[in-house]
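To start, the structure itself, in structure tokens.
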Amino acid sequence: MNADQTPLIEFSQVTKFYGRGTAGFQALRGVDLSIAAGDFVAIMGPSGSGKSTAMNILGCLDIPSSGSYLFQGVPVEQLDRNQRALLRRTYLGFVFQGFNLLARTTAQENVELPLLYRGEKRGARHQAAQAALKSVGLEGFAHHTPAELSGGQQQRVAIARAIVTRPQVLLADEPTGNLDSQTSNEIMQLLTELNHELGITVVMVTHEPDMAEYARRVIHFRDGRVERLQHNGGRD
Amino acid sequence: MWSTLLLALREIRRNVLRSFLTMLGIVIGVAAVITMVTLGKGATQAIADQVSSLGSNLLIVRPGQRLGPGATSAAPPFKMADVVAIQEQVSLVRSIAPTVARGMTIVAGARNWSTTVTGSTNAWLSTGSWQLAAGREFSDAEERGGQAVCIIGETVRRELFGGQDPLGLSIRVKGFSCEVIGLLVSKGQSAFGSDQDDTLVMPLKTAQRRITGSQDISALRISVQDEAAIDQAKRQITLLLRERRNITDNEDDNFSVLDTRQITETLSSTTKVMTTLLGAVAAVSLLVGGIGIMNIMLVSVTERTREIGIRLAIGALEREVLLQFLIEAVVLSSLGGIIGIGLATAASIGLAAVMQLPYLFDPAINVLSFLFSAAIGVIFGYFPARRAAQLDPIDALRHE
Ligand SMILES: Nc1ncnc2c1ncn2[C@@H]1O[C@H](COP(=O)(O)OP(=O)(O)OP(=O)(O)O)[C@@H](O)[C@H]1O
Ligand SMILES: [Mg+2]
């Protein structure tokens, strides 16, 4: 799967500065990284090391203060808000830190949401959402609202919502953050499956080395820099 | 677009009570505006009907200039010679009813009743578009001889005779007894709010001799041949009366000639002013309703910051979020408009019945109010919607 040599994601000297002057904070201090299509990457690092900041830029939610980010060869920092939104809805799937499902909205409706913005027809939306819920093992829960689901189930709805559009890249910020190890392992297996079977590129932030084990590569962050890269040969 | 509409409806349904309370301002505003305008129209129509029931091509000539309602400047009354002169010299005049009138208490048997006693001729009936329900007009002999006979209105009949047939019975008026020879068809309330049926008419001579005790005539009711000629007739009568009353060119008239159209205009201009004022007050409540919508939408945007963040992060475009909130506001306000229209229809029909006014459905004001309420949604929804659309997805997601 690493045969494709043009990287899907390429950071070169990406910095991110929050705020202004002395009151500001340099969250990223020149990050270089490249991720190929089909890869499964975990990002690790101490709290405050810039993982979420990097993920936001990766996900085209934010742009670098300096440096360049090429997504499929497109310089993202030169795109405006709407162009980045279009990029997100077309190529990216998000699993946010915390579940971030729409409250008082059924699992089905939550999963259909990205399709709604893509302008898919009602029937197609319905089918795709059903299929996505099935693939995360939640067939029977389509009409439950988040309040009626367990944490693990909510996280799986979030994953279903992220993959329902068949994105090229799945970005997950601490997808197992609030879950017990049993559920965490189930979620990781799900991500691995999606990576293997659908060829979705997965980039995931985690604190737990056990979870990082599932990834093919681990990128360690420290103080806004990439500290080291690690390859998990065995799991492939 | 369609899916955005569904989304908005879903959001409104999700919070029914709040949505309803938000709409309430618009509902009340729209209902008030439409009810005011509808009732105002009804009132104007009622006045027009009533005034035309006075007789369509009617001129009323009184001595003195009307200074305001009821008040007149002192001026000599008319005499019979004036009536004859107008009759002979103004060809456009069809008939003239010279009248005198007094408010007094009349008695029949054990009952008494205060009413207006008018002395006039048979022309009083035709100029006032009165029909006889029973009995007959005055005979020539009765008019000429000033005999004690009278024609009464429905109210007088009811108050003095109850269920009895009044014809041939007698009524005591200021110490003399007069025989009822006719009963008028009921006309009901006048535009002025007075009861037109509360009347008693006797021959002019009878009234002059036995009640006023002079040859004076206090008003002339003149019906003109043709409605189109009314202005011309008015001019001719004015000229003639000025001459007869020796008014020099630089003096003002010491009498007034009113036509029914003028009366209608005066009265309906009063109701129009009222309608406009009340309508303006109601429009202010619409504005307040709009501000209510803006307020709730702003609260809603703050409350749903996370939701907006999710939508934006997932790939909603700015204008899609803007549209979602704008449509929500417009749906809310126009739903309020629709409910308001329903309420106004019910209220107008009910109030029109209570106030004895005709109910006139006015499509223009209904359509206008609906469009206005929708517009309020757009105007007052835009600011909150734009605020939602311009949220930064990362900040929004982190909210709470
Ligand atoms: N919007 C912001 N404004 C100012 N500073 C920010 C902002 N977002 C992040 N930071 C700062 O940037 C640094 C990196 O934050 P980031 O969220 O990327 O850390 P993280 O590696 O994801 O940490 P954690 O593991 O706790 O999630 C932190 O010190 C944080 O205070
Ligand atoms: Mg983080």
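Here is the naming used below: chain letters follow the sequence lines, and residue numbers restart at 1 for every chain. Remember, it's a predicted structure, so these values are computed and weren't measured experimentally.
The shortest side-chain heavy-atom distance between A:F221 and A:V31 falls under the 4.5 Å cut-off. Under the 4.5 Å side-chain criterion, counting only non-hydrogen atoms from C-beta, A:I57 is in contact with A:K16. The shortest side-chain heavy-atom distance between A:R161 and B:I314 falls under the 4.5 Å cut-off.
In this structure, the portion of A:R81 lying under 4.5 Å from any heavy atom of chain B is its side chain and not its backbone. For A:L101, the part sitting under 4.5 Å from any heavy atom of chain B is the backbone (N, CA, C, O) and nothing else. Both the backbone and the side chain of B:E307 have a heavy atom closer than 4.5 Å to some heavy atom of chain A.
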* To do: Show your working on side-chain hydrogen bond (donor to acceptor under 3.5 Å, both in side chains) between A:S65 and A:T15 and close with a plain yes or no.
  => CA-CA 6 Å; A:S65 303; A:T15 70; 4.7 Å; no

* Begin from the C-alpha positions of A:E139 and A:Q130 and carry the test side-chain hydrogen bond (donor to acceptor under 3.5 Å, both in side chains) through to its verdict. => CA-CA 7 Å; A:E139 295 112 304; A:Q130 295 268 326; over 6 Å; no

* Would you sort out whether A:E208 and A:T176 count as a side-chain hydrogen bond (donor to acceptor under 3.5 Å, both in side chains), showing the intermediate values? => CA-CA 9 Å; A:E208 299 153 89; A:T176 61; 3.3 Å; yes

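Put simply, of A:S52, A:G119, A:P114, the one with the most heavy-atom pairs under 4.5 Å next to chain B is A:P114. The candidate from B:R311, B:R306, B:R304 with the greatest count of non-hydrogen atom pairs under 4.5 Å with chain A is B:R311. Between chain A and the options B:P393, B:G309, B:A313, the largest number of non-hydrogen pairs under 4.5 Å is found for B:A313. Counting heavy-atom pairs closer than 4.5 Å to chain B, the top residue among A:L61, A:N100, A:N82 is A:N100.
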